[in-house]
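Here's the structure, in structure tokens; my notes come after.
Just so it is clear, the structure is predicted and the values come from calculations on it, not from any experiment.
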Amino acid sequence: MFDTLQEIYHSLMQSKMRTIATGFAVASGLFLLIVLQGAGNGIINTFEESMGNFAFDAINVYGGRTTMPYEGIKEGREIRLDNRDVDMVKSAFPHKVKDIMPVAEVSGGMASRDGKYSSGTISGVMPDYSITGAIKITKGRFINNIDIAEERKVIVLSDRQQADLYTKKEEPINSIINIGNVCYKVIGIYKADEMRNSNTIYAPYSTISTIYQKGEFIDELTMRIKNIPTEADMETFIDEYTRVSSRIHSFNPEDKSALWVWNQARDNIQMQMAENILHNAFWILGLLTLISGIVGVSNIMLISVKERIREFGIRRAIGARPWNIISMVMLESIIITAVFGYIGMTIGVLFCEWMDATVGNTTIDVGITQQRVFVDPTVDISTCVSATIVIIIAGALAGFFPARKAVKVKPIDALRG
Amino acid sequence: MIHLRNINKTYNNGTPLHVLKGIDLDIKKGEFVAIMGASGSGKSTLLNILGILDNYDEGEYILADTLIKNLSETKAADYRNRLIGFIFQSFNLIPFKDAVENVALPLFYQGVSRRKRNALALEYLDKVGLKDWAHHYPNELSGGQKQRVAIARALITQPKIILADEPTGALDSKTTIEVLDLLDELHRQGMTIIVVTHELDVGKRADRIINIIDGQVFTGKSEYQENGKTK
């Protein structure tokens with residue numbers, strides 16, 4: 001092994017300039033691959049951070065108002081969801097809906113405590129609403145099953161409401177808030193986010209439904225879907241849902257206004273697709289630059305092998321097998337690509353870290369919120385590993401083909417040069 | 001040692017060229033044979049076939065009881081390594097290796113350890129009188145010295161035969177004599193030597209001269225002596 005390496009060292013030192021030029025091609029190829037990957041990840045991460053407030057699998061359905069007459073009923077009728085919708089979803093879409101939750105809403109509620117007031121919408125929800133609503137609890141807890149079962153008068157406030165109703169020193173948890181002459185105990189505080197209402201007061205569904213006498217009616221249905229991988233599947237699902245729902249509520253299934261659907265899951269599918277496209281685009285760009293580096297290596301190996309054909313002839317005359325020659329050239333090529341590739345990769349990773357430390361920390365003001373422009377623009381280890389594997393294979397191929405061509409020449413012709 | 005029967009070789013570069021037209025030849029162990037002939041007679045082609053550097057179309061070539069025919073390049077490389085020592089007109093040393101490394105190279109392809117083959121290479125360089133030049137590179141050596149390095153390289157694997165293609169072709173008269181003396185010495189030690197040459201001085205040293213004329217072995221009377229008279 002040491003001998004082989006020495007052979008390679010000698011032949012690389014034979015033409016230093018060429019070795020360096022080849023190495024530079026590979027190093028810059030890998031550098032660009034890594035930097036592009038890092039930048040791509042930065043953009044994707046930024047994307048994800050700003051979209052993080054949305055649930056990945058939730059569809060919210062509200063009753064709307066009809067715009068088409070149907071079966072003798074005039075348009076302009078209000079549709080109200082009720083318990084039949086819950087049963088319908090459970091029986092009609094057991095494979096597509098993993099959870100369905102009713103929501104009872106009362107708008108224009110006024111919470112008061114010690115002469116302080118905060119207005120907000122009271123939302124009676126099920127425990128898992130914290131998932132679909134992407135609610136981040138910062139203190140205490142969210143609604144649980146026992147709250148639902150016992151119709152407890154408990155609420156979860158946003159941190160903004162907390163600021164309205166409490167001084168900084170006061171502890172909100174377990175304190176009592178009055179809403180509409182009913183006393184509720186505060187059990188948790190959630191973080192108000194920039195994109196959505198920050199003045200919703202969450203309470204158990206059963207409690208709100210009872211207190212405000214909602215009866216069988218439901219203000220909002222939240223579904224968590226599954227097995228709907230593409231946008232087309234999503235369209236099919238929504239169409240089917242509308243059709244089934246139209247039978248319960250007697251509206252024209254073509255009437256798009258009868259139900260109001262907020263489809264976070266579809267947004268999520270679109271975002272995933274955009275991310276995938278972005279991710280693949282950066283890979284392809286990176287690979288193309290890498291390939292140009294590899295083609296450079298292959299070209300230079302081809303020239304190198306041509307120049308050394310006589311040397312190979314001598315070696316073969318004194319007993320080198322074809323494989324000895326091929327493996328020597330391949331190893332030479334692999335060493336160039338691996339060593340310089342590694343250098344390029346290291347510089348690329350360092351560059352990504354530098355981007356992370358500088359551009360990664362700058363923020364821009366987008367009006368309602370501060371937004372980081374470049375979140376964690378770095379590559380993970382698997383990218384480095386796969387890039388390494390790619391360059392080693394590519395290096396081997398870049399050496400193999402010229403070398404095989406060289407040993408196909410008869411030794412006597414090789415000796416003549 | 002060498003047994004050739006009806007060797008035929010045709011080159012197919014555009015118009016077919018029938019170079020060797022049924023060569024029959026036997027060379028015994030320990031013989032010093034000179035193959036002579038005009039350029040284009042086919043003597044170099046014959047040497048290439050003897051050296052397993054080229055293949056032949058028809059006939060039979062047995063070297064040291066081994067039939068050399070339709071070998072894979074790997075097999076051919078092994079036979080060249082173990083059975084044959086080459087001496088070329090243009091020396092064919094590897095320029096970026098010093099004398100010892102050049103001499104040791106055939107043993108590298110036998111998988112001999114570095115220490116062992118370098119020690120052996122030094123020994124053989126000593127035999128050709130170049131011990132002090134062991135770590136010089138080919139471009140630091142004279143033509144005669146280069147050829148002696150090449151001879152040491154040819155000998156290091158203890159081959160069955162030495163094939164020399166115009167070994168003195170690139171040397172002046174003084175170094176020619178040195179190199180020929182070295183070949184004589186090897187011959188005295190019992191080495192089988194085949195030299196291709198068109199120089200009579202070289203031919204004279206051989207036990208036997210084989211004249212190749214127009215791709216055939218000339219069987220007429222003492223071509224060499226006739227040539228000698230004309231000189």
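Distance check: N48(B) CG to D413(A) CG gives 9.0 Å after rounding to the nearest 0.5 Å. To the nearest 0.5 Å, atom OH of residue Y109(B) and atom CD1 of residue I325(A) are 5.0 Å apart. In this structure, CG on L415(A) lies 11.0 Å from CG on D54(B), to the nearest 0.5 angstrom. For the atom pair CZ (R316(A)) and CD (E73(B)), the distance works out to 4.5 Å, reported to the nearest 0.5 Å.
With a 6.0 Å radius and a threshold of 12 heavy atoms from other residues, nucleotides or ligands, K9(B) has its NZ atom above the threshold. More than 12 non-hydrogen atoms from other residues, nucleotides or ligands lie less than 6.0 angstrom from CZ of F400(A). Within 6.0 Å of atom CZ in F24(A), 12 or fewer heavy atoms from other residues, nucleotides or ligands are found, so the atom counts as exposed in its surroundings. Counting heavy atoms of neighbouring residues, nucleotides and ligands inside a 6.0 Å radius, atom NZ of K306(A) does not exceed 12 of them. For N139(B), the CG atom is densely surrounded, since the number of other residues' heavy atoms within 6.0 Å is greater than 12. More than 12 heavy atoms of other residues, nucleotides or ligands sit less than 6.0 Å from atom OH of Y11(B). By the neighbour-count criterion of 12 heavy atoms within 6.0 Å, atom CG of N70(B) is sparsely surrounded, having that number or fewer from other residues, nucleotides or ligands. For NZ of K29(B), the number of neighbouring non-hydrogen atoms (other residues, nucleotides, ligands) closer than 6.0 Å is 12 at most.
Only the side chain of F108(B) comes within contact range of chain A, judged by heavy atoms closer than 4.5 Å. Contact of N92(B) with chain A is made through backbone and side chain together, with heavy-atom distances under 4.5 Å. When heavy atoms are compared at a cutoff of 4.5 Å, F86(B) approaches chain A solely by way of its side chain, counted from C-beta outward. Looking at I84(B), there are no atoms closer than 4.5 Å to chain A (heavy atoms on both sides), in backbone or side chain. Looking at S90(B), the atoms closer than 4.5 Å to chain A (heavy atoms on both sides) sit in the backbone and in the side chain alike. Only the side chain of E101(B) comes within contact range of chain A, with heavy atoms under 4.5 Å apart. Within the 4.5 angstrom heavy-atom criterion, only side-chain atoms of K97(B), from C-beta onward, approach chain A.
In terms of heavy atoms, A77(B) sits closest to A320(A) at CB-O, 3.4 Å.
No other option in L53(B), I52(B), L93(B) has as many heavy-atom pairs under 4.5 Å with chain A as L53(B).
Taking the side chain as every heavy atom from C-beta outward, R153(B) and I318(A) approach each other to under 4.5 Å. Looking at R321(A) and N81(B), their side chains never come closer than 4.5 Å, going by heavy atoms from C-beta outward.
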